[in-house]
Amino acid sequence: MKVRDNLEVIQNQIADVCKKAGRDPEEIKIIAVTKYVSPERAQEAIDAGVIHLGENREEGLLHKIDHLEDKPVWHFIGTLQTRKVKNIIEHVTYIHSLDRLSLAKEINKRSDSKVRCLIQVNASGEESKHGLRPDDVTGFVHELKQYPNIEVSGLMTMAPFTEDEQVIRDCFRTMKKLQAEIQSLQLENAPCDELSMGMSNDFKIAVEEGSTMVRIGTALVGNESEVQ
Ligand SMILES: *Cc1c(COP(=O)(O)O)cnc(C)c1O
C-alpha cells in the first residue's frame with residue numbers, strides 16, 4: 001500500500017471518531033513511526049504530507065536523518081539511555097520517554113534551550129512496561145522544576161497489548177485524568193497539553209479518549225515484511 005492511501009484511511013478514521021467525540025481533528029498530530037522501514041519509505045510519508053516522524057532508537061534516527069531529503073519534526077519515542085542523549089538531542093523536537101530524573105538532568109545539561117518532553121507513564125501497571133506509576137507523576141513534575149531546559153509538554157503511554165477494549169480504554173482514561181491534574185497545577189514548567197497515546201491497533205480508542213499525538217507505524221508506513 002502507498003503511504004498516501006494509508007494516510008487517507010487513517011485521517012478519515014480520525015475524523016469520524018472526532019465527529020462522534022466532539023473533537024477537532026486539527027488537535028491530533030499523526031506521528032509516522034518509521035522504525036521498521038527504510039529511509040525511502042519514510043521519505044514517501046513526508047511526500048504524502050506527514051510532518052511528524054518517530055523513531056525509537058538512536059541508530060534508526062540518525063540513519064533516517066542522513067538519508068532523508070527533508071527535515072520532518074522528529075519525535076524520539078523509545079527508551080532513552082542517558083549516554084545517548086548527546087547524540088540525539090540536537091535532532092529531535094519531542095522526547096516521549098522521560099521516565100527518570102537522571103535522564104532529565106542529562107537532557108537539561110546537553111541542551112541550551114527548552115526541550116519538549118513527555119513523561120512516560122505506565123498507566124496499566126504491567127511489569128514489562130517502562131514509565132512512572134500514575135501516582136508518582138505529579139511529584140516527578142515538581143522535581144523537574146530544578147531543570148530549566150525541561151518542559152513537560154505532555155504525557156505518553158503504551159496501552160496493554162490485549163483484545164479487551166475496556167482495558168485499553170481505562171488506561172487512556174487514567175492518562176486523561178492525570179493530564180487534567182497536572183494542568184490544574186498551572187506550573188510554568190508543565191503546560192502538559194499533549195497526550196501521546198494510540199498506535200496502529202488502538203489509535204481510534206485513544207482519540208476518543210483525548211489523545212493529541214498518535215504514534216502509528218504498521219498501519220501507516222508498514223513494517224519491513226510488508227514493504228519489501
Ligand atoms: C513501534 C512503536 C509504535 C508504533 O507501533 P505500531 O503498532 O506499528 O503502530 C508506537 N509507539 C512506540 C513507543 C513504538 O515503539
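Every heavy atom of this structure was used, including side-chain atoms; hydrogens, water molecules and symmetry mates were not. As the structure is a prediction and not an experimental result, all values here were calculated from the model. Counting starts at 1 for both ligands and their atoms, following the listed order.
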Atoms in ligand 1 with a heavy atom of Ile216 nearer than 4.0 Å: 9 (O)
Protein contact of atom 11 (N) of ligand 1 - nearest heavy atom, named by residue and atom, plus distance: Arg215 NE, 2.9 Å
Option of least heavy-atom distance to atom 8 (O) of ligand 1 (set: Val221, Asp202, Thr218): Thr218
Donor-acceptor contact present, side-chain Asn122 to main-chain His130, <3.5 Å: no
Per-atom contacts of ligand 1 with Ile77, taking only distances under 4.0 Å to non-hydrogen atoms: 11 (N), 12 (C), 13 (C), 14 (C)
Residue pair Tyr147 / Leu101, side-chain heavy-atom distance below 4.5 Å: yes
Protein residue, atom and distance nearest to atom 5 (O) of ligand 1, heavy-atom basis: Met199 CE, 3.5 Å
Heavy-atom donor-acceptor pair, Arg23 side chain to Ser211 backbone, under 3.5 Å: yes
Atom 9 (O) of ligand 1: nearest protein contact (heavy atom, Å): Ser200 OG, 2.5 Å
Side chain to side chain donor-acceptor pair (under 3.5 Å) partner of Lys64, the single match among Glu59, Glu55, Gln43: Glu55
Exam field: side chain Ser97 to backbone Thr79, donor-acceptor pair closer than 3.5 Å: no
Whether Tyr36 lies under 4.0 Å from ligand 1, heavy atom: yes
Minimum-distance protein heavy atom relative to atom 14 (C) of ligand 1: Lys35 NZ, 3.0 Å
Test item: side-chain donor near acceptor, Asp99 and Gln120, under 3.5 Å: no
